[in-house]
Chemist: 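Questions regarding the structure given below will be posed in turn.
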There are 2 protein chains.
Amino acid sequence: MYEFFRQYLNEITSSIISDAEFQHIEEAFAIKSMKKRQFLLHEGSVCKYMAFIVKGAMRHYSIDEKGNEHIVRFGVEGWWMSDRESLRMQTPSKYNIDALEDCDLLVATNEQLNRVKELSPLFFRMAHLLDERHSIANQNRVHASICYSSDEKLLDLMKNYPDFLQRFPQNMLASYLGISPETFSRVRKQINAK
Amino acid sequence: MYEFFRQYLNEITSSIISDAEFQHIEEAFAIKSMKKRQFLLHEGSVCKYMAFIVKGAMRHYSIDEKGNEHIVRFGVEGWWMSDRESLRMQTPSKYNIDALEDCDLLVATNEQLNRVKELSPLFFRMAHLLDERHSIANQNRVHASICYSSDEKLLDLMKNYPDFLQRFPQNMLASYLGISPETFSRVRKQINAK
DNA sequence: TGTGCTGCTTGATGTAAATCAAGTAAATTT
DNA sequence: AAATTTACTTGATTTACATCAAGCAGCACA
């Protein structure tokens, strides 16, 4: 359970974490299992956890006045899930996070996170790298969302996250791209024809 | 020139930086003036600098095959400008950055940045906070871009960055929102009618 | 074996916004 | 001051995409 997390930390920081340091991290993160459709965060409440996904898949989304879901982010093994804004500022979230598959998570609260950042320099560095990557990924997502037509959006998705197409239903992928499921289906057909 | 930067650092970290520590920072950042329309980064080249804007305004944008500009970010006094992906990975950028007004900048290269992060814990903390904020801002931008119709996008802009409406021409604001200048003009009229 | 879900496709219709085009006003250049 | 460019608006037309609606296939479960 923690072994995968340890590997992840080594990899992302290009280091080998010591037993002593990993001890701190292990203490800060609790194991949490979630069944499909269970919620990690409900709109209106403050985000409790920063969650590392060991197994399974999740989605981070909002619901508008008309009841439409808008997925801002997916998460799979080796990804983090949280509403950072809500977690850091301790403000009510406008988002939901739930499990798309049965999940095994490692979760830490905001305080535990701050504590472990102080105790483990490697974890601190990891947090930094993570923010950087997250920042860059979001930048690219903004770019795609502003510049691309729906077929370009889909092609971009197919290129960057080909596994998502197998793993998630098309209506969710459509929501992620900001297009309707029908358009998704039609554009997909059109692309495959080539 | 550096005084504004020093204030900024104090503010964002909620600390008071020592002379000794600020010395390191001052050494890492060079003063750079730019005339309106001058480029800090050209598409295809590797981003040289992380730039702190002391005075003036800039834009970060791409140009598509049809020659249309897509602005992903504006920058004004107290904001940072760079293509982080290109700077950190030292890869060619797909973006341009140029000055919308005459600018005074403080610039550091990637190495200088790494060095000053090592030398100054406060600067390191600042970098961390910055990434966090940047991440959150981009998250919200993704959300707006996926969920909002064009009038909601404009209202969102008016709420979050009211000064931009005075400062930047409408065609650029339209580009930033991912809508056409004509739509911007019409939607704006419609909103003001209320 | 049926009854209802869920996921996906396809066609018909509607609509928001892009594009095209023209014109005015303001700012810059000469 | 005239000429040119840039910024913005307004109307007409087109287009991409959403919405509405129906139908089908696979799966769950009773």
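Lettering follows sequence order; numbering is per chain, from 1. Every heavy atom of this structure was used, including side-chain atoms; hydrogens, water molecules and symmetry mates were not.
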Chemist: Measure the spacing between OG of B:Ser135 and CG of A:Leu130 and express it to the nearest 0.5 Å.
Modeler: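 Output value for this atom pair is 8.0 Å.
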Chemist: Whole angstrom is fine here: how far is it from NZ in B:Lys36 over to P in D:dT5?
Modeler: 16 Å
Chemist: Mind checking whether A:Phe5 and A:Phe29 have parallel, tilted or perpendicular rings, split at 30° and 60°?
Modeler: perpendicular
Chemist: Please state whether the rings of B:Phe39 and B:Tyr61 are parallel, tilted or perpendicular, taking 30° and 60° as the class boundaries.
Modeler: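 Plane angle between 30° and 60°, so tilted.
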Chemist: Sorted by first residue and then second, give each side chain to side chain donor-acceptor pair (under 3.5 Å) pair with at least one member in residues 36-53 of chain B; sequence neighbours left out.
Modeler: none
Chemist: Going by distance alone, is a donor N or O of one side chain under 3.5 Å from an acceptor N or O of the other, for B:Ser185 and B:Glu182?
Modeler: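 Judged by distance alone, the side chains do not pair up.
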Chemist: If you compare all heavy atoms of B:Thr183 against all heavy atoms of B:Ser150, which two are closest, and at what distance to 0.1 Å?
Modeler: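 Heavy atoms of B:Thr183 and B:Ser150 come nearest at CG2-OG, 3.9 Å.
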Chemist: Over how many whole Å does the gap from B:Lys189 atom NZ to C:dA16 atom P extend?
Modeler: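 The distance from NZ of B:Lys189 to P of C:dA16 comes to 17 Å, rounded to the nearest Å.
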Chemist: Going by atom types alone, do A:Glu11 and A:Gln7 pair a side-chain donor with an acceptor below 3.5 Å?
Modeler: no
Chemist: Within this structure, what is the CG-to-P distance between B:Leu165 and D:dC8, rounded to whole angstrom?
Modeler: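 Rounded to whole Å, this separation is 11 Å.
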Chemist: Provide, to the nearest angstrom, the distance between the CD1 atom belonging to B:Ile146 and the P atom belonging to D:dC17.
Modeler: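 Between P of D:dC17 and CD1 of B:Ile146: 15 Å.
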Chemist: Which residues within residues 60-71 of chain A lie with some heavy atom under 4.0 Å of an atom in DNA chain C?
Modeler: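 Heavy-atom cutoff 4.0 Å gives no residues at all.
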Chemist: Return the value, rounded to whole Å, for the distance between atom CG of B:Asp151 and atom P of C:dA18.
Modeler: 12 Å
Chemist: Under 4.0 Å between a side-chain nitrogen and a carboxylate oxygen: does that hold for B:Lys55 and B:Glu101?
Modeler: no
Chemist: Between B:Arg6 and B:Glu26 (salt bridge meaning N to carboxylate O under 4.0 Å), is one present in this structure?
Modeler: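 Salt bridge absent between B:Arg6 and B:Glu26.
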Chemist: For DNA chain D, what residues of residues 170-186 of chain A have any heavy atom nearer than 4.0 Å?
Modeler: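 Contacting residues: A:Gly178, A:Ile179, A:Ser180, A:Glu182, A:Thr183, A:Arg186.
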Chemist: How close or far is atom P of D:dA7 from atom CZ of B:Arg167, stated in whole angstroms?
Modeler: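 From B:Arg167 CZ to D:dA7 P: 16 Å.
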Chemist: Could you give the CD-to-P distance, from A:Gln166 to C:dC8, as a whole number of Å?
Modeler: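 Taking CD of A:Gln166 and P of C:dC8, I get 11 Å after rounding.
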Chemist: Rounding to a whole Å, what distance do you find between B:Phe168:CZ and D:dC8:C1'?
Modeler: 18 Å
